[in-house]
Participant: 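The structure's right below; bear with me while I get my questions together.
Counting starts at 1 for both ligands and their atoms, in listed order.
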Amino acid sequence: MNRHVGHMLVIDDDEVNRDLVSRYLRHDGHQVTTAASGPMALQLLEQQMFDVILLDIIMPEMDGYTVLAQLKADYRLREIPVVVISATADMQSFARCIELGAEDYLPIPFNPTILRARVTSCLSKKRVQDQVQAHVAELSLIQELDRRLNASLDGQRVLQILLDWTLRRSGDQAGMTGVVEQDGVRILSTFGYGTELEKFPGAILPLDWEPIAAAVISRQEQHIPDLRGQGILTDSRSMLVAPINREDRAIGLIILENSQPKAWDDDVRQFIARLCDHAAIALNNAQLYSSLEMANTAKSEFIGFVAHELKTPMTAIQGYTSLLMTQRAGALNERQVGFLETMQLNLKRMTGLISDLSDISRIESGRLTLDFEGIQMAELIDESVRTLRGQFESKRQKLTVKAPPDLPLIWGDHLRLSQVLTNLLSNANKYTPEEGQIVVSAEKLLMPVAGDSEQEMVHVAVKDSGMGIDEKEQPRIFNRFFRASDDEARRQPGTGLGLHITRSLVEVHNGLIWFESIFRQGSTFHFVIPVAVPENLPLLKPGG
Ligand code: ADP
């Protein structure tokens with residue numbers, strides 16, 4: 001509708017006045033509805049909206065003040081400007097109407113030019129008000145859309161949300177959204193289509209199809225108001241293709257179709273363009289996240305592959321060095337024996353690194369398999385201590401074990417839990433000077449879990465009187481490849497992978513690991529593992 005004309009409601013019990021006002025208004029192109037009383041007017045207002053109301057004050061049954069008061073008390077009607085036209089020209093009545101919220105007051109007889117000017121001014125104000133209201137409504141809608149879009153890092157979900165919101169506004173029969181790929185537009189979400197989509201193998205729309213090609217290349221919306229059945233929908237007559245643009249290219253599309261020849265009005269088209277702009281950011285994030293995940297998986301697989309491929313030649317080298325050491329392949333002089341010993345030491349370090357890398361690859365790609373069983377922690381500690389006894393003795397460290405043999409069984413993988421213990425004990429040994437003290441203890445512990453309940457755990461602590469960890473570096477201790485900057489710690493061989501793996505292994509057992517440390521005084525590493533209640537402990541996948 002022309003912005004200078006509107007739909008007017010004239011409320012007056014006097015037929016002559018009503019006709020006179022209506023005639024002037026119609027003459028200016030306005031649409032006019034009349035009501036002969038207040039109650040009739042209020043009834044009309046329940047069914048339709050008006051841009052301006054012209055209201056008489058002196059009426060039987062219900063006077064103009066009451067009508068005005070009721071209009072202003074109604075949340076839906078209060079914004080409609082009211083011009084009072086009244087035979088009472090006294091100041092009191094004028095003041096009362098303005099107080100009640102009237103926009104203007106015209107005494108009868110009125111000058112038609114003044115009437116015209118007041119109505120036009122009311123109309124402009126109303127138009128601005130309507131626009132502001134529409135913008136506010138749209139802003140809060142877009143805010144809500146953003147909230148939903150940002151909650152998802154899944155491209156398909158993002159496009160589904162975009163399609164739902166667009167169709168809600170445009171009311172079309174069918175629509176679809178997809179991402180632009182090298183060989184076409186991959187459809188990710190559809191509404192209102194049936195078997196029509198079967199003609200697109202792999203749900204890919206060809207990029208050389210005219211409306212799609214035009215939208216992708218120009219990055220502009222394409223509008224075909226009369227398609228004559230050449231769309232995707234069997235009885236398609238009109239189509240709108242809007243690109244989802246990110247930086248300098250179209251990364252996705254939304255297609256709307258209708259069985260009527262239809263021109264989408266400007267408001268709807270602008271709304272769709274705005275939705276697409278907002279969805280573009282979310283879609284881009286989702287695509288970045290997915291490529292990041294793919295790169296991460298590829299990296300884990302690569303690490304796993306390299307570790308696996310290195311194992312075979314390493315075993316061969318190890319075999320031959322051991323054979324040479326036996327001197328069965330020929331006598332060796334002292335120097336040669338020394339060289340071989342260095343080789344063996346380095347081989348041991350390389351084997352450790354390879355096994356750490358293959359563990360990391362397994363953990364990160366979710367391929368770590370665990371063989372759960374009930375385990376007695378005291379026995380596990382005893383085994384690990386025996387494996388490392390030589391290392392403690394060579395540094396003349398005092399090792400004390402305090403693990404009662406009757407602890408409840410824990411639920412875990414024997415091999416992996418002994419890896420946890422061995423790593424913590426080996427660190428205690430490495431990072432504690434000669435003649436230091438190491439204490440390993442285990443006890444039953446009740447840990448608070450969700451709700452008010454508690455879970456029975458076995459708590460293990462490995463305490464050393466070693467070099468400790470600088471407070472500043474403590475937050476990074478479980479990071480991959482972390483090694484303290486402390487020169488003394490650096491003198492010990494290591495890769496910085498042990499604690500990272502250890503934490504993952506504890507966590508896949510539904511346990512927790514933490515530590516406390518004072519620089520140059522010592523550290524204590526703690527971990528807890530739930531006790532065996534097989535029916536309560538489904539076999540969890542790593543990270544699950
Ligand atoms: P690595 O021992 O192979 O370097 P870890 O992941 O096991 O790798 O440990 C990471 C770093 O944490 C070590 O390099 C060391 O600086 C520090 N650290 C670990 N355990 C101790 C400990 N018991 N006392 C002092 N520092 C430790």
Side-chain angles (χ1 to χ4, degrees), residues 303 307 310 345-364 368 381 384-385 387-392 394-402 415-442 459-509 511-528 542:
I303 293 178
L310 283 175
L345 206 70
N346 283 293
L347 275 170
K348 203 171 150 202
R349 281 164 78 167
M350 274 179 80
T351 320
L353 178 63
I354 289 170
S355 122
D356 281 356
L357 287 176
S358 88
D359 279 351
I360 286 199
S361 147
R362 276 202 200 105
I363 291 167
E364 291 185 354
L368 183 77
I381 294 176
S384 308
V385 164
T387 325
L388 294 169
R389 191 166 296 280
Q391 291 180 31
F392 289 108
S394 70
K395 283 182 94 173
R396 294 184 306 283
Q397 289 163 334
K398 184 166 183 264
L399 177 70
T400 314
V401 178
K402 295 178 186 167
L415 194 76
R416 294 303 182 177
L417 285 180
S418 74
Q419 191 177 344
V420 168
L421 268 170
T422 311
N423 190 38
L424 294 181
L425 283 167
S426 156
N427 279 353
N429 162 259
K430 281 199 293 185
Y431 302 110
T432 301
E434 293 197 348
E435 298 184 351
Q437 313 263 337
I438 289 137
V439 181
V440 193
S441 55
H459 168 217
V460 178
V462 179
K463 183 173 185 330
D464 65 53
S465 62
M467 48 192 82
I469 303 148
D470 190 336
E471 211 181 315
K472 282 200 261 17
E473 296 192 314
Q474 291 187 8
R476 290 185 290 132
I477 185 121
F478 291 108
N479 290 0
R480 260 184 302 184
F481 301 112
F482 170 80
R483 303 214 68 208
S485 53
D486 170 21
D487 288 341
E488 215 172 301
R490 288 264 163 160
R491 257 176 246 132
Q492 297 301 320
T495 58
L497 289 173
L499 283 179
H500 178 73
I501 295 172
T502 302
R503 183 176 64 177
S504 304
L505 292 179
V506 170
E507 285 175 354
V508 295
H509 281 86
L512 278 176
I513 183 165
W514 70 99
F515 72 98
E516 72 247 11
S517 181
I518 301 176
F519 196 50
R520 296 291 176 258
Q521 286 189 27
S523 317
T524 309
F525 280 83
H526 305 261
F527 69 91
V528 285

Participant: Go through ligand 1 atom by atom and flag the ones less than 4.0 Å from a non-hydrogen atom of Lys430.
Facilitator: 1 (P), 2 (O), 3 (O)
Participant: With no hydrogens and no angle check, do the side chains of Asp359 and Gln419 hold a donor and an acceptor under 3.5 Å apart?
Facilitator: yes
Participant: Flag the pair Thr502 / Phe478 as yes when at least one side-chain heavy-atom distance between them is below 4.5 Å, and no otherwise.
Facilitator: no
Participant: Taking the side chain as every heavy atom from C-beta outward, state whether Met350 and Leu353 have any pair of such atoms under 4.5 Å apart.
Facilitator: no
Participant: Hey, which atoms in ligand 1 end up nearer than 4.0 Å to a heavy atom of Ala484?
Facilitator: 14 (O), 16 (O)
Participant: Taking C-beta and beyond as the side chain, do Asn423 and Ile501 meet within less than 4.5 Å on heavy atoms?
Facilitator: no
Participant: Which one of Gly498, Gly496, Ser517, Ser485 has a non-hydrogen atom at the shortest distance from atom 1 (P) of ligand 1?
Facilitator: Gly496
Participant: Considering Glu473, Arg480, Arg483, which one's heavy-atom position lies nearest to atom 4 (O) of ligand 1?
Facilitator: Arg483
Participant: With heavy atoms of Leu499 as the reference, note each atom of ligand 1 found under 4.0 Å away.
Facilitator: 5 (P), 6 (O), 7 (O), 9 (O), 19 (C)
Participant: Is there a donor-acceptor contact under 3.5 Å linking the side chains of Glu473 and Ser485?
Facilitator: yes
Participant: For atom 12 (O) of ligand 1, tell me which residue out of Asp464, Ile477, Leu425 has the closest non-hydrogen atom.
Facilitator: Ile477
Participant: Do Gln391 and Gln397 have side-chain heavy atoms sitting under 4.5 Å apart?
Facilitator: no
Participant: Give the numbers and elements of all ligand 1 atoms closer than 4.0 Å to a heavy atom of Leu497.
Facilitator: 6 (O), 8 (O)
Participant: So is Phe525 touching ligand 1 or not, going by heavy atoms under 4.0 Å?
Facilitator: yes
Participant: Specify the protein heavy atom at minimum distance from atom 11 (C) of ligand 1: its residue, its atom name, and the distance to 0.1 Å.
Facilitator: Phe482 O, 3.6 Å
Participant: Which ligand 1 atoms are under 4.0 Å away from a heavy-atom of Ile469?
Facilitator: 25 (C), 26 (N), 27 (C)
Participant: Looking only at protein heavy atoms, which one is nearest to atom 3 (O) of ligand 1, and what is the separation?
Facilitator: Thr495 N, 2.8 Å
Participant: When you measure from atom 7 (O) of ligand 1 to every protein heavy atom, which one gives the shortest distance, and what is it?
Facilitator: Asn427 ND2, 2.8 Å
Participant: If we only count N/O pairs under 3.5 Å, is His500 in contact with ligand 1?
Facilitator: no
Participant: How far is atom 21 (C) of ligand 1 from its nearest protein heavy atom, and which residue and atom name does that atom have?
Facilitator: Tyr431 CD1, 3.5 Å
